[in-house]
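Reading through the C-alpha cells given below for one structure.
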Amino acid sequence: MRVPVLLLLLLWEAHSHAASRPNFVLLMADDLGIGDPGCYGNKTLRTPNIDQLAEGGVKLTHHLAASPLCTPSRAAFMTGRYPIRSGMASESLMGVFIFSASSGGLPTSEITFAKLLKNQGYSTALIGKWHLGTNCHNKTDFCHHPLSHGFDYFHGIPVTNLRDCKPGEGSVFTGGIRVVVFIPVQIIAITLLTLAVLRFLGLVHVPVGVFVCLLCLAAMILGLLVCFLHYFRPLNCFLMRNHEITQQPLSYDNLMQRLTADAAQFMRRNAGTPFLLVLSYLHVHTALFSSKDFAGKSKHGAYGDAVEEMDWSVGQILNVLEELKLANNTLVYFTSDQGAHVEEVSTKGEVHGGSNGIYKGGKANNWEGGIRIPGILRWPGVIQAGLEIDEPTSNMDVFPTVANLAGSPLPEDRIIDGRDLMPLLHGKTQHSDHEFLFHYCNFYLNAVRWRPRNSTSVWKVFFFTPKFSPEGANGCFSTHVCFCHGHFVTPHHPPLLFDLSRDPRERNPLSPATEPRFQEIVDAMRRAAERHAETLQEVPNQLSLGNVMWKPWLQMCCSASGLSCQCDRETAAQRASR
C-alpha cells in the first residue's frame with residue numbers, strides 16, 4: 001500500500017506546485033511616454049483598458065528603463081542585467097539594430113526569463129517586436145532568434161518598425177543620406193565644374209578620362225542610393241512566424257488585430273498549463289499605423305489613434321484571461337521600452353511622438369523623460385488593487401520577479417542587476433531594493449541615481465548631458481536622436497546634481513552653495529560608480545560597426561527570385577482559417 005500512497009502524494013504535490021505557479025502576460029509598448037496613459041495623468045488620450053489595469057493592480061510611478069533606446073533596454077528587460085554586461089551597448093553612434101542582416105544580437109550565453117520558465121515547464125511565446133538580432137554566420141543559424149532564447153513560439157518582426165517600412169512616411173536615413181550621398185555628389189559636381197572651367201580657359205590640361213571617372217563615381221553613389229531606398233523595405237520590414245518569413249514586406253492592414261488575435265490563440269491553446277506571453281507591441285514607434293476602426297478617431301492625430309488601438313489590444317488580452325478564468329492566476333505587467341520620442345515629427349510637420357508628462361527629454365537620453373516609463377502590475381487577490389508606489393524600480397526587475405514566482409532559481413554564474421519586486425508590492429518593505437541605479441547612454445556611464453535608506457531624497461548626478469538642438473529645445477531635433485559622446489555632449493566637472501524628490505523636472509541643478517552636502521553626495525555616487533565598474537567584464541560588442549552593418553549572406557528572403565523578396569503567407573493562412 002505504501003508505494004501507491006507515495007505516488008499519489010507525489011502526484012498531488014506536483015499538481016499543487018503547478019497550480020500555484022502563475023501565468024505571465026508581459027505587455028511592452030514601444031516608445032510610449034509616461035505622460036500618455038490616462039492613469040498617469042493624460043486627460044485627452046483614451047486608454048480605458050490600461051487605466052483599468054492600473055485600478056486593479058499596482059502603479060509604479062518611479063519605474064525606469066535600463067536604457068533609453070530599444071535594443072539595449074529590451075536586452076536588459078529579458079536578462080535582468082545592464083546591457084553593457086551582454087555587449088548590447090554601442091560605442092558608436094548607432095545604438096540599435098537597423099538591418100535584418102546584421103550579425104550582432106543577444107548572445108546565446110545570456111539567460112532570458114523565457115529560458116528559465118521553459119525549463120520549469122512553461123509554454124512561452126513572444127508576439128510582436130524582437131529587435132535583439134537574428135543570425136550570426138549564415139541566414140539559417142538563428143543564433144539570436146527568440147526561439148534560441150527560450151521562446152517556443154515567435155510571431156512578429158525581428159528588427160523594428162521604421163518610417164521606411166511604410167510607403168509615404170519618409171525615411172529615418174535622411175540625415176545620413178545627406179552626409180554620405182548628397183555632400184559627396186555636391187563635391188564631385190563642384191570639382192567637375194571647376195576642372196571644366198580651368199580646362200576651357202586653358203589653365204590646366206585635364207584628360208577626358210578624369211571627367212568620365214568623376215561622372216561614373218557620382219552615378220555609382222546615386223545608383224547605390226536608389227537601390228538602398230528601393231530594397232530597404234522588403235529586405236528589412238517583414239513578419240516571421242517562428243523561423244519562417246510569412247509576409248515580406250509586411251502589410252500594416254489590421255496588423256494590430258492580427259497579432260492580438262494570435263496572442264489570444266496562444267493563451268487559449270495553453271490555458272491548461274502555465275504559460276508566459278510577451279506581447280511586444282509595434283505601437284507606437286513610427287511608422288504609425290492603425291486600422292479603420294481607430295484611424296482619425298483620437299484627439300492626437302495618427303499618434304493618438306495608435307495609442308488608442310494599442311489600448312484596445314490590452315483590453316482584448318484582459319478579456320481573454322477573464323473568459324478562460326485565468327485572471328486570478330495571471331500576473332499582468334504593462335510598460336514601455338523607454339520614454340517617448342519627442343523628435344518624431346513627420347515630413348508634413350505632424351508630431352508623431354508622445355508625451356513624457358512633466359519630465360525633461362525623451363528617448364535616447366537619460367533625462368527623466370527618456371527613462372521614466374509606465375509600470376503597472378496586476379494579480380488579483382495577490383497584489384493589492386489601487387496601490388501606487390513611488391520607489392525607484394527598473395524594467396530589469398521583471399527577470400528575478402518572474403523567475404522567483406515560477407519557482408526557478410536565479411543563475412549563479414553571473415550578476416543579476418534586477419531585484420524581485422514582490423516584497424515591495426506586498427508591502428513587506430517600504431524602500432526600493434535598488435540603493436543605486438546606473439544610467440548608460442549606450443556604452444557610456446551617463447548618470448547615477450541614489451536612493452539613500454535613511455532619507456526621502458532621490459539624488460541623481462549627470463557626468464555629461466546631450467546638447468539639445470536647436471538651442472532651447474527639449475531634444476536633439478537636428479540629428480533626430482541624441483548621441484552619447486564626442487561633440488554631441490557636454491561634460492560636467494563637477495557633475496550636475498539633482499534631488500528628484502524636490503525637482504522631478506530636473507530644472508535646478510544643485511551646487512555647494514544650495515546643497516551643503518554637495519561634495520559628500522557626489523563623492524558617494526562616484527564611489528558607487530567605481531564599485532559598479534569593477535563588476536563589469538569585457539565582452540564582445542554586439543553593436544560594433546562590423547556587427548550592425550548589412551551582410552548579404554545573412555539576408556533572409558522568402559522567395560528565390562533574387563532580391564524581390566515578396567510573399568504573403570499571412571493572408572493565405574487567414575483565409576484558410578476562416
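None of these values were measured; they are calculated from a predicted model.
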Inset, instruction - Taking only Lys NZ, Arg NE, NH1 and NH2, and the carboxylate oxygens of Asp or Glu, determine whether Asp30 and Arg74 approach each other closer than 4.0 Å. - result: yes
Legend entry - Side-chain (Glu506) to main-chain (Glu368) donor-acceptor, under 3.5 angstrom: yes
Inset, instruction - Given ring pair (Phe, Tyr, Trp, His ring centres under 6.0 Å), test Tyr333 with Phe24 step by step and report yes or no. - result: CA-CA 8 Å; Tyr333 169 70; Phe24 299 98; over 10 Å; no
Legend entry - Nearest-0.5 Å distance, CG of residue Leu318 to CG of residue Asn49: 6.5 Å
Inset, instruction - Using modelled atom types only, decide if a donor and an acceptor are shared between the side chain of Asp397 and the backbone of Asp420 within a distance under 3.5 Å. - result: no
Legend entry - Glu344/Lys363 salt bridge by N-O under 4.0 Å criterion: no
Inset, instruction - Just jot down the salt bridge (Lys or Arg N to Asp or Glu O under 4.0 Å) partners of Asp433, sequence neighbours excluded, or say none. - result: Arg419
Inset, instruction - Give a yes or no answer on whether the side chain of Thr124 reaches the backbone of Asp152 with a donor-acceptor pair at less than 3.5 Å. - result: yes
Legend entry - Arg258 backbone acceptor or donor facing Asp262 side chain under 3.5 Å: no
Inset, instruction - Verify, without hydrogens or angle tests, whether Asn236 (side chain) and Arg233 (backbone) share a donor-acceptor contact under 3.5 angstrom. - result: no
Inset, instruction - Measure from the ring center of His155 to the ring center of Phe266 and say whether it is less than 6.0 Å. - result: no
Legend entry - Any donor-acceptor pair under 3.5 Å from Asp568 side chain to Gln247 backbone: no
Inset, instruction - Using the test side-chain hydrogen bond (donor to acceptor under 3.5 Å, both in side chains), find all partners of Tyr281 that sit at least two apart in sequence or belong to another chain. - result: Ser313
Legend entry - Backbone of Gly35 reached by a side-chain donor or acceptor of Asn42 within 3.5 Å: yes
Legend entry - Counterpart residues, side-chain contact (heavy atoms from CB on, under 4.5 Å), relative to Thr456 (two or more places apart): none
Legend entry - Close aromatic pair by centroid cut-off 6.0 Å: Phe289 and His283: yes
Legend entry - Heavy-atom donor-acceptor pair, Arg449 side chain to Val458 backbone, under 3.5 Å: no
Inset, instruction - For the pair Arg241 and Glu570, find out whether any cationic side-chain nitrogen is under 4.0 Å from an anionic carboxylate oxygen. - result: yes
Legend entry - Expected output: side-chain His426 to main-chain Val382 donor-acceptor under 3.5 Å: yes
